[in-house]
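For reference, the structure is listed below as structure tokens.
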Amino acid sequence: INNIRYKTKIAVIGAGQAGLSSAYHLKKLGLEINRDFIILDEAPSPGGAWQFRWSSLTLSTVNKIHDLPGMSFEETLTNKETEVQANIAVPNYFDRYQKRFGLQVYRPVKVDRVSLHGQRFHIDTAETLFSAEGIINATGTWENPYIPYYPGADLFQGEQLHTKDFKTTDYFRNKHVIIVGGGISAIQLLDQISAVTTTTWVTRRPPLFREGPFDDMAGHNAVAMVEERVRQGLPPLSVVSVTGLPYSTEIQAMEKRGVLTRFPMFSEITATGVKWEDGREERADIILWNTGFKSSLKHLDAVLPKEENGGILMNGRLATMVAKEPRIHLVGYGPSASTIGANRAGSAAARELVKTLNLL
Ligand code: FAD
């Protein structure tokens with residue numbers, strides 16, 4: 001254990017949209033896979049986090065899955081219906097993509113810890129010790145669900161689940177469910193769960209619905225705002241959190257069914273449910289936290305310089321370069337935490353890292 005050494009120039013950690021895009025661009029720049037760079041991924045199969053998402057998330061209910069560079073998603077869809085499950089279609093796309101471009105991924109290989117030894121990063125995994133001159137980290141957020149703390153959380157005798165745990169609505173049948181969160185996942189799960197059981201919806205702030213379709217300009221502004229934050233070393237906000245919620249036909253239907261009544265956040269959790277500041281209580285069997293994810297970066301703790309506020313000062317064309325450690329790029333972090341953002345960032349990161357390391 002930990003005695004095998006594998007030396008390379010660049011290690012790409014994570015093979016979701018961000019990792020595959022980065023790998024594609026490294027190859028395009030002339031680097032050879034498994035000699036000049038390697039790709040490591042902890043998941044058992046291709047698909048990044050998409051392989052773990054619930055089955056009712058279909059190509060019509062996701063926002064939009066942007067193509068990876070060089071190959072269209074559309075051409076891999078045998079069934080052009082939009083009701084195709086995202087957790088099948090995206091893994092199939094990634095699998096075909098890897099094969100087409102010869103992007104072999106070592107899996108399941110979980111990176112436990114990265115540390116610096118002289119001029120090289122040591123990348124610890126259960127069986128192999130890899131070493132590289134630079135890192136493109138593309139580990140996403142799925143492994144780091146966020147649940148805010150409320151007093152009494154340990155007392156609750158029901159179940160506390162996170163978006164990540166959701167599989168089917170059947171599980172919730174005949175249980176009273178408190179759904180926490182004002183983002184897209186919260187709304188979608190509220191829609192589905194409220195069709196089979198009783199629900200109470202709570203959010204910190206009143207949800208912001210936007211009229212009409214989400215245009216490119218609004219998307220551009222949202223990304224620019226997150227980019228501005230990370231360039232100042234502030235912790236990023238999720239791109240989705242600044243775009244608002246579409247006032248879709250599904251949402252209008254929920255309004256009509258009367259399930260879109262929003263309550264403010266409760267102030268404590270009790271043994272049997274939740275309690276608000278004014279003393280009102282609500283019984284619950286399940287509290288479902290749709291409170292988002294944070295970047296999965298724990299394995300980089302020893303090498304990632306952090307600001308006092310916990311943020312990371314970012315630099316480079318698309319803010320993928322760690323300003324105080326330019327041999328590390330974060331793709332899929334902050335402004336690039338979307339399929340389109342990850343795509344573009346992969347290109348910028350590959351170019352800049354190859355230049356920093358003088359590889360061409
Ligand atoms: P991931 O797909 O999470 O890939 C990260 C990879 O890193 C995984 O394969 C994982 O196994 C691996 N990994 C993690 N930690 C380690 C480790 N320590 N060692 C080795 N490997 C590791 N975005 C859109 O653009 N459109 C959408 O419609 C959309 N819908 C979404 C719906 C939901 C419910 C959620 C939660 C997110 C959605 N997003 C959407 C955001 C979307 O997930 C990202 O845009 C994008 O897919 C993330 O790609 P990624 O490569 O950064 O991360």
Side-chain angles (χ1 to χ4, degrees), residues 11-24 38-68 73 82 86-87 89-91 93-95 97-98 105-114 123-126 128 130 135-146 162-166 181 183-189 214 219 222-223 238-241 243 246 290-301 320 329-346 349:
V12 177
I13 309 176
Q17 187 97 7
L20 289 181
S21 164
S22 305
Y24 169 92
I38 50 167
I39 316 169
L40 309 174
D41 193 291
E42 126 179 53
S45 330
W50 292 99
Q51 66 196 284
F52 304 115
R53 292 192 180 135
W54 52 94
S55 300
S56 54
L57 190 68
T58 65
L59 297 191
S60 66
T61 53
V62 296
N63 285 341
K64 180 174 171 24
I65 297 168
H66 200 268
D67 287 347
L68 282 163
F73 184 20
T82 50
N87 64 10
V90 182
Y93 175 41
F94 284 13
D95 187 30
Y97 187 84
Q98 285 171 215
V105 176
Y106 288 96
R107 67 169 78 248
V109 177
K110 177 179 195 295
V111 172
D112 295 319
R113 184 168 187 271
V114 177
I123 301 154
D124 263 304
T125 72
T128 309
F130 296 87
I135 305 275
I136 292 185
N137 191 79
T139 46
T141 58
W142 189 253
E143 301 305 324
N144 196 12
Y146 170 68
H162 183 270
T163 319
K164 191 177 192 275
D165 305 309
F166 179 80
I184 294 174
S185 298
I187 297 273
Q188 287 188 349
L189 298 191
F214 188 65
V223 169
S238 81
V239 174
V240 186
S241 76
T243 58
N290 295 113
T291 37
F293 296 82
K294 293 202 184 292
S295 296
S296 310
L297 297 174
K298 188 116 199 61
H299 55 288
L300 296 179
D301 270 356
T320 59
H329 278 254
L330 306 180
V331 181
Y333 171 80
S336 63
S338 69
T339 53
I340 186 167
N343 249 13
R344 293 179 179 149

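For clarity, every value in this text was computed on a predicted model and none was experimentally measured. Order of listing sets the numbers, starting from 1, for every ligand and every atom in it. Note: hydrogens, waters and symmetry copies are ignored here, and every other heavy atom, side chains too, is used.
- Using cut-offs of 30° and 60° on the angle between ring planes, the pair W142 and F293 is parallel.
- Considering both main-chain and side-chain atoms, F293 never comes within under 3.5 Å of ligand 1 through any nitrogen or oxygen pair.
- Remark: ligand 1 atoms within the under-4.0 Å shell around heavy atoms of G14 are 6 (C), 7 (O), 12 (C).
- Looking at W54 against ligand 1, only its side chain comes within 4.0 Å, counting heavy atoms.
- Inter-residue side-chain proximity for L330 and L297 is flagged as met; some heavy-atom pair is nearer than 4.5 Å.
- Among K164, R53, H66, Q188, the residue whose heavy atom sits closest to atom 36 (C) of ligand 1 is R53.
- Atom NZ of K110 and atom CG of D41 lie 11.5 Å apart (nearest 0.5 Å).
- Heavy atoms of V109 found under 4.0 angstrom from ligand 1 belong exclusively to the backbone.
- Looking at heavy atoms from C-beta onward, N144 lies out of side-chain contact with S295 at the 4.5 angstrom threshold.
- Residue D112 places every heavy atom at 4.0 Å or more from ligand 1.
- Here the shortest heavy-atom pairing between G346 and S21 reads CA-OG, 3.6 Å.
- Taking a cut-off of under 4.0 Å to the non-hydrogen atoms of T339, the atoms of ligand 1 that pass are 23 (N), 24 (C), 25 (O), 45 (O), 47 (O).
- Residue-level proximity to ligand 1 for S296 is absent, since no heavy atom of it falls below 4.0 angstrom.
- With a 6.0 Å radius and a threshold of 12 heavy atoms from other residues, nucleotides or ligands, R344 has its CZ atom at or below the threshold.
- For W142, no nitrogen or oxygen atom sits less than 3.5 Å from a nitrogen or oxygen atom of ligand 1, counting backbone and side chain alike.
- Residue contacts with ligand 1, taken as heavy atom pairs separated by less than 4.0 Å, involve A49 via backbone and side-chain atoms alike.
- Inter-residue side-chain proximity for I135 and I123 is flagged as met; some heavy-atom pair is nearer than 4.5 Å.
- If you look at K64 next to ligand 1, the close heavy atoms, those under 4.0 Å, all belong to the backbone.
- When all heavy atoms are compared, the tightest approach of P91 to P46 is CB-O, 3.4 Å.
- Put simply, the side chain of Q51 reaches to within 4.5 Å of the side chain of P44, judged on heavy atoms.
- For a threshold of 3.5 Å applied to N or O pairs, the pair formed by I340 and ligand 1 contains no separation below that value.
- Ligand 1 places these atoms under 4.0 Å from at least one heavy atom of S338: 25 (O), 45 (O).
- For the pair A23 and I39, the tightest heavy-atom approach, listed with the atom from each and the gap, is CB-CD1, 3.6 Å.
- In this structure, Y333 falls outside the shell of residues with a heavy atom less than 4.0 angstrom from ligand 1.
- Here the shortest heavy-atom distance to atom 40 (C) of ligand 1, taken over Y106, W50, F52, belongs to W50.
- The closest side-chain heavy-atom distance from N137 to H299 is below 4.5 Å.
- Heavy-atom proximity to V62, at under 4.0 Å, picks out these atoms of ligand 1: 28 (O).
- Residues I13 and V114 meet the side-chain proximity criterion, which asks for heavy atoms closer than 4.5 Å.
- Between T141 and ligand 1, no N or O atom pair is found at a separation short of 3.5 Å.
- Considering both main-chain and side-chain atoms, K110 never comes within under 3.5 Å of ligand 1 through any nitrogen or oxygen pair.
- Proximity to A138 (heavy-atom distance under 4.0 Å) selects the following atoms of ligand 1: 5 (C), 6 (C), 7 (O).
- Checked against a 3.5 angstrom limit, the closest N/O atoms of E143 and ligand 1 fall outside it.
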